[in-house]
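The structure appears right after this line, and notes come after that.
So that the names make sense, note that chain A is the first sequence line, chain B the second, and so on, each numbered from 1.
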Number of protein chains: 2
Amino acid sequence: MGRKQTKSGKIRLTEVAKLAGVSPITASRFFRNPEALSLSKRERVDSAVKELGYVPNLAARALASHRTEVIGVVIPSLTNNVFADVLRGIYDSSEGSRYTIQLANTRYSILQEEKLLRLFRAQKPAGLIVTGINQTAESRTILESMNCPVTQIMEIGDSPVDMMVGFSHYDAASAAISHILEQGRRRIGFLGARMDPRVQRRFEGYRDAMKAASLFDPNLIVTTSVPTTITLGGTLFADLLAQTPDIDAVFCVNDDLALGVLFECQRRQISIPGDLAIVGFNDLEFTAAAVPSITSVRTNRYEMGRHAITMVIDAIEGRRPQTPVLDLGFQLVVRESSMRQSTVMAGSVGID
Amino acid sequence: MGRKQTKSGKIRLTEVAKLAGVSPITASRFFRNPEALSLSKRERVDSAVKELGYVPNLAARALASHRTEVIGVVIPSLTNNVFADVLRGIYDSSEGSRYTIQLANTRYSILQEEKLLRLFRAQKPAGLIVTGINQTAESRTILESMNCPVTQIMEIGDSPVDMMVGFSHYDAASAAISHILEQGRRRIGFLGARMDPRVQRRFEGYRDAMKAASLFDPNLIVTTSVPTTITLGGTLFADLLAQTPDIDAVFCVNDDLALGVLFECQRRQISIPGDLAIVGFNDLEFTAAAVPSITSVRTNRYEMGRHAITMVIDAIEGRRPQTPVLDLGFQLVVRESSMRQSTVMAGSVGID
DNA sequence: CAATCCGATGGTAGCGCTGTCAATAATTGT
DNA sequence: ACAATTATTGACAGCGCTACCATCGGATTG
């Protein structure tokens with residue numbers, strides 16, 4: 001296969017058709033709609049393609065057909081592990097399909113997002129995956145006018161542009177807080193960084209859960225718009241401790257912050273969970289490995305990517321999902337860092 | 001800008017040319033080679049483009065010109081932080097250029113890589129970035145026949161396909177071992193997972209450094225082909241400890257393993273660096289935040305991405321680099337986890 | 001001042017494929 | 001058995017752009 005290609009480098013559909021003894025258009029149909037061909041022609045074209053090592057010219061195809069086989073994916077970050085997992089799901093499930101993923105990074109800027117969507121519109125993608133539900137009005141207009149399937153990922157909400165796959169950050173945070181409250185903690189701090197829309201909603205979940213328990217106190221909250229790092233977790237925790245020394249738990253909007261808090265506690269000889277419960281968010285790998293292991297909220301990121309791309313491809317090909325909004329939920333994974341004080345055996349915490 | 005576009009959606013170069021009062025080909029030149037136009041025409045076309053909100057049809061351009069503005073990037077993993085950083089560099093530096101990044105994931109399989117390169121060849125990319133120097137013979141042939149700039153990243157070696165940006169994993173590992181030896185350690189274990197070619201070269205650096213010191217001992221080595229996780233670091237370390245209880249240091253081929261070792265030591269009450277020195281690789285963020293902080297080898301991943309894409313774009317546009325191989329080096333970042341026993345003040349290690 | 005050159009511009013002819021619709025062959029119903 | 005229908009197939013035109021070469025002033029030269 002592919003032998004003759006290197007020889008001349010000029011295998012067009014016409015050549016394939018000639019070898020197969022059919023018209024070019026029939027050969028073309030072999031790729032786009034093979035069922036429309038009779039079995040004999042299909043086989044003839046198939047072997048001609050293989051024999052010549054024919055590779056379609058995508059540019060010509062796009063020009064003639066007025067569509068591309070590109071699916072755009074707009075995410076806010078390339079380095080955030082959360083999106084890496086989603087992307088892996090997207091790429092894994094797009095392989096084997098005819099579609100190509102075109103990645104674009106907004107760096108958490110909705111203006112940048114708008115710009116990228118404008119670029120995508122120019123390319124007439126076959127489908128689009130965008131992160132979140134907080135687009136600018138203009139972005140939304142672009143998305144709606146794009147005339148291709150669009151899936152919003154990472155969260156769910158009313159009024160999807162088209163389809164959605166995600167979960168409720170609000171509920172997830174609420175669940176985490178409920179759990180902490182159940183463990184008998186009362187002064188639950190909130191640590192937040194890079195307060196993007198999804199983190200905002202986690203905050204709201206925290207806030208309402210605390211208010212419902214009549215335990216809300218602004219002094220329990222420390223946030224920053226700075227991007228998350230592990231080190232920052234330690235810093236923010238130090239601030240929180242200075243501001244409100246009597247905290248007995250911390251809810252971190254992500255696991256990196258939580259790990260930073262854990263390390264800071266080790267430095268300060270604060271026993272976890274004896275003195276303080278820690279709960280993170282996302283359930284990254286290290287939460288299970290840490291000593292003590294860290295309670296976190298598992299979000300189904302890989303599956304989110306898989307579903308998102310599958311929904312888009314299905315929609316492109318006319319198979320629209322029954323329900324446009326898919327809630328993948330979350331799971332609270334309870335680990336040592338948030339166990340009830342009495343539950344923890346002496347010796348299971350810290351280096352001890 | 002872009003007003004009329006939404007109205008009819010049919011702004012072609014011809015329309016722009018008409019409005020500007022020039023021929024279509026002149027308008028075309030405005031994009032590809034603006035210097036060739038007289039100032040007056042250039043301005044006329046420019047304002048016509050803006051007025052009409054003209055957006056070039058990339059498919060038509062590619063079909064007519066026999067080239068694309070796609071730069072392919074082939075990496076082995078999407079979730080590995082190392083590549084996330086490289087990618088960020090690539091994307092950051094490609095923005096603002098006319099080129100589009102096309103990402104492909106080999107999942108550490110050189111056969112998959114070969115397949116992907118074949119796909120890329122069909123697309124006639126403007127340039128290509130591939131990971132490492134261990135391509136199959138067929139892949140190499142494809143790369144060489146591709147007739148576009150190619151940059152190999154992550155490591156350097158003799159006989160680049162075209163250009164290279166990276167560093168010597170062998171030297172980096174050697175430097176790490178030298179450092180550990182200088183700290184007075186003698187029984188230095190080696191922990192390796194996902195033994196990809198670059199990890200292999202780190203192993204060789206370790207092996208030769210140990211042999212040079214007459215300290216090489218196969219019992220010091222534990223490796224697996226399983227992908228790296230933090231948890232795995234703990235497991236491998238447990239194996240190593242069972243196999244060779246008298247180790248006084250561990251060199252881990254990456255930081256995740258190192259963190260896993262650290263956690264495992266916390267569990268087993270092994271004091272770091274008192275009982276054991278730990279050295280990781282890559283200098284991920286958590287190495288500095290951990291307690292104790294973990295010595296690691298910093299690799300300039302973001303810069304690698306930036307340089308790689310810049311070199312490719314420059315080469316596409318005829319500005320070939322003076323030297324095709326760029327060594328970005330590495331820096332050993334010494335932290336608490338590998339300090340000489342006597343150097344460490346009591347109390348600076350572990351939770352204590 | 002003719003011969004030459006050069007920079008700026010335009011005309012022509014596709015790039016390789018597919019949409020549309022017509023034409024033909026195979027199948028069915030009554 | 002013959003019209004009506006349905007599966008297959010093909011002819012034609014053109015998607016929007018650029019490569020290639022021709023053209024045409026005007027500047028340069030001897």
Assess whether salt bridge (Lys or Arg N to Asp or Glu O under 4.0 Å) is satisfied between A/R42 and A/D46, documenting all intermediate values.
-> CA-CA 6 Å; A/R42 202 185 311 175; A/D46 186 52; over 6 Å; no
Are A/Q102 and A/P125 close enough that some pair of their side-chain heavy atoms sits under 4.5 Å apart?
-> no
Check whether the ring centres of B/Y54 and B/F31 lie less than 6.0 Å apart, and answer yes or no.
-> yes
Write down the distance between CG (B/L13) and P (D/dC15), rounded to a whole number of angstrom.
-> 14 Å
Can you tell me the distance, in whole Å, between the CZ atom of B/R12 and the P atom of D/dG16?
-> 5 Å
Whole-Å gap separating C1' (D/dG16) and CD (A/Q123) = 16 Å
Atom CZ of A/F30 and atom C1' of D/dT9 are separated, to the nearest Å, by 16 Å
Which whole-number value in Å describes the distance from A/L39 CG to D/dT9 P?
-> 10 Å
A/R42 CZ to D/dA7 C1': how many Å, rounded?
-> 13 Å
Heavy atoms of other groups near B/N33 CG, more than 12 under 6.0 Å | yes
OP1 or OP2 of C/dT18 under 4.0 Å from side-chain N/O of A/R32 = yes
From CZ of A/F31 across to C1' of C/dG16 the rounded distance in Å is 13 Å
Length of the line joining A/N33:CG and D/dT8:P, which is rounded to integer Å | 11 Å
Indicate yes or no: does A/R118 engage A/E113 in a salt bridge with an N to O separation below 4.0 Å.
-> no
Summary of side-chain hydrogen bond (donor to acceptor under 3.5 Å, both in side chains) pairs that have at least one residue in residues 151-160 of chain A, sequence neighbours excluded | A/Q135-A/Q152, A/E155-A/R198, A/E155-A/R201
Carboxylate-amine/guanidinium proximity below 4.0 Å for B/R107 and A/E95 | yes
Between B/D85 and B/R306, is there a salt bridge with N-O shorter than 4.0 Å?
-> no
Does the side chain of A/T106 pick up a donor-acceptor pair with the side chain of A/S109 at under 3.5 Å?
-> no
Under 3.5 Å, which N/O atoms of the protein pair with N/O atoms of nucleotides 6-9 of chain C?
unit_1 : atom_1 : unit_2 : atom_2 : d
C/dT9  : OP1    : B/S38  : OG     : 2.9
C/dT9  : OP2    : B/S38  : N      : 3.0

For DNA chain C, the residues among residues 61-72 of chain B that have a non-hydrogen atom under 4.0 Å from it | B/L63, B/A64, B/H66
